[in-house]
Enquirer: 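After the structure tokens below, expect a handful of questions from me.
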Amino acid sequence: MTTHADCIFCRIARGEIPSRKVYEDDELMAFHDIQPSAPVHFLVIPKVHVENLYDADLQHQQVLGRMMGMIGTLAREQGLDDGFRVVVNTGRVGRQEVYHLHLHVLGGPDPLGSGMPRRQ
Ligand code: 5GP
Ligand code: ZN
């Protein structure tokens, strides 16, 4: 599996940087965002290093499918029974900050508004 020495999410996946883990198995991981944009905000990542959806291809379809397939279970465990938003920032225009593919799962007791919640 390809991982990058200096990539922050590869380092979290390798356990070199601590995180508040939501879920982990051989090929994916979920952990709470360090700077939450909603009352519940966690990230789901593949352990393999792929920069974003622009770079992903069919060799990633299994892990990408599993990431999507797990979100409902993880959201339920986090109490997001009234719904949530999934956001995948991609590239410069998508304001991606960390270039290791990740799904944001955002939820909480109140409606989230029409767009991606922004930090102050
Ligand atoms: P992006 O803009 O790339 O979609 O979002 C990256 C997200 O990763 C941001 O919401 C940011 O708060 C989060 N993040 C960045 N570094 C860390 C970290 O070291 N640990 C955790 N848990 N989240 C991080
Ligand atoms: Zn990485």
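Along the sequence shown, residues carry numbers from 1. Source: prediction; values computed, not measured. Counting starts at 1 for both ligands and their atoms, following the listed order.
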Enquirer: Before you tell me yes or no, could you show the steps for Met70 and Val44 under side-chain contact (heavy atoms from CB on, under 4.5 Å), namely the whole-Å CA-CA distance, both residues' side-chain angles and the distance that decides it to 0.1 Å?
Expert: CA-CA 9 Å; Met70 292 231 43; Val44 186; 6.0 Å; no

Enquirer: Decide if atom CG of Asp57 counts as having more than 12 heavy atoms of other residues, nucleotides or ligands within a radius under 6.0 Å.
Expert: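 Check passes, neighbour count above 12.
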
Enquirer: I'd like to know whether CD of Glu24 has more than 12 heavy-atom contacts from other residues, nucleotides or ligands below 6.0 angstrom.
Expert: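 Enclosed.
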
Enquirer: For the Zn ion (ligand 2), which N, O or S atom of His49 is at the shortest distance?
Expert: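 The His49 atom nearest to the Zn ion (ligand 2), restricting to N, O or S, is ND1.
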
Enquirer: At under 4.0 Å between heavy atoms, which part of His32 makes contact with ligand 1: side chain, backbone, both or neither?
Expert: backbone

Enquirer: Would you mind listing which atoms of ligand 1 come within a distance below 4.0 Å of any non-hydrogen atom of Asn89?
Expert: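 Near Asn89, the atoms of ligand 1 are 1 (P), 2 (O), 4 (O).
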
Enquirer: Between Phe31 and Phe9, is a ring pair (Phe, Tyr, Trp, His ring centres under 6.0 Å) present by the stated rule, with each step listed?
Expert: CA-CA 10 Å; Phe31 52 90; Phe9 286 176; 5.4 Å; yes

Enquirer: Pick one of side chain, backbone, both or neither for how Phe9 approaches ligand 1, counting any non-hydrogen atom pair under 4.0 Å.
Expert: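 The answer is the side chain of Phe9.
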
Enquirer: So, the side chain of His102 versus the backbone of His100: is there a donor-acceptor pair under 3.5 Å, distance only?
Expert: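 At least one qualifying donor-acceptor pair exists.
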
Enquirer: Just jot down the ligand 1 atoms closer than 4.0 angstrom to any heavy atom of His104, in number order.
Expert: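 Near His104, meaning under 4.0 Å from one of its heavy atoms, ligand 1 has 1 (P), 4 (O), 5 (O), 7 (C), 10 (O).
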
Enquirer: Mind checking whether Ile34 has an N or O less than 3.5 Å away from an N or O of ligand 1?
Expert: yes

Enquirer: Which bit of Arg20 is near ligand 1, meaning a heavy atom under 4.0 Å away: side chain, backbone, both or neither?
Expert: neither

Enquirer: Counting neighbours of CG on Asp25 that are heavy atoms of other residues, nucleotides or ligands and sit closer than 6.0 Å, is the number greater than 12?
Expert: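 Yes, the 6.0 Å shell around CG holds more than 12 heavy atoms from other groups.
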
Enquirer: List every atom of ligand 1 that sits less than 4.0 Å from any heavy atom of Arg95, numbering the atoms from 1 in the order shown and giving each element.
Expert: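 Those atoms are 2 (O).
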
Enquirer: Mind listing the closest non-hydrogen atom pair of Gln96 and Gly91 along with its distance?
Expert: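 Smallest heavy-atom distance, with atoms named: OE1-N, 2.8 Å.
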
Enquirer: Polar-atom distance check: Glu97 versus ligand 1, any N or O pair below 3.5 Å?
Expert: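 In this structure, Glu97 places an N or O atom under 3.5 Å from an N or O of ligand 1.
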
Enquirer: Just to be sure I read this right, does ligand 1 sit under 4.0 Å from the backbone of Phe31, its side chain, both, or neither, counting only heavy atoms?
Expert: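 Under 4.0 Å from ligand 1, Phe31 contributes side-chain atoms alone.
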
Enquirer: Taking the six-membered ring for Trp, are His4 and His49 parallel (under 30°), tilted (30 to 60°) or perpendicular (over 60°)?
Expert: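 It falls in the parallel class, under 30°.
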
Enquirer: Assess His4: does it contribute an N, O or S atom lying under 2.8 Å from the Zn ion (ligand 2)?
Expert: no

Enquirer: Please identify which atoms of ligand 1 are closer than 4.0 Å to at least one heavy atom of Gln35.
Expert: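 Here the atoms of ligand 1 in question are 12 (O).
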
Enquirer: Under a 4.0 angstrom heavy-atom cut-off, which atoms of ligand 1 come close to Leu43?
Expert: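 Checking each atom against Leu43, I get 8 (O).
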
Enquirer: Under 4.5 Å between any side-chain heavy atoms of Leu28 and Tyr23, yes or no?
Expert: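 Yes. Closest side-chain heavy atoms under 4.5 Å.
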
Enquirer: Out of Ile17, Ile12, Asp33, indicate the one that has the non-hydrogen atom closest to atom 11 (C) of ligand 1.
Expert: Asp33

Enquirer: Can you name the atoms of ligand 1, numbered from 1 with element, that are less than 4.0 Å from a heavy atom of His102?
Expert: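 Near His102, the atoms of ligand 1 are 1 (P), 3 (O), 4 (O), 5 (O), 6 (C).
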
Enquirer: What do you get for the angle at the Zn ion (ligand 2) between SG on Cys7 and ND1 on His100, to the nearest 10 degrees?
Expert: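 Once rounded, the angle between the two atoms at the Zn ion (ligand 2) is 110°.
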
Enquirer: Taking Arg14 for its side chain and Ala5 for its backbone only, find out whether a donor-acceptor pair lies under 3.5 Å.
Expert: yes

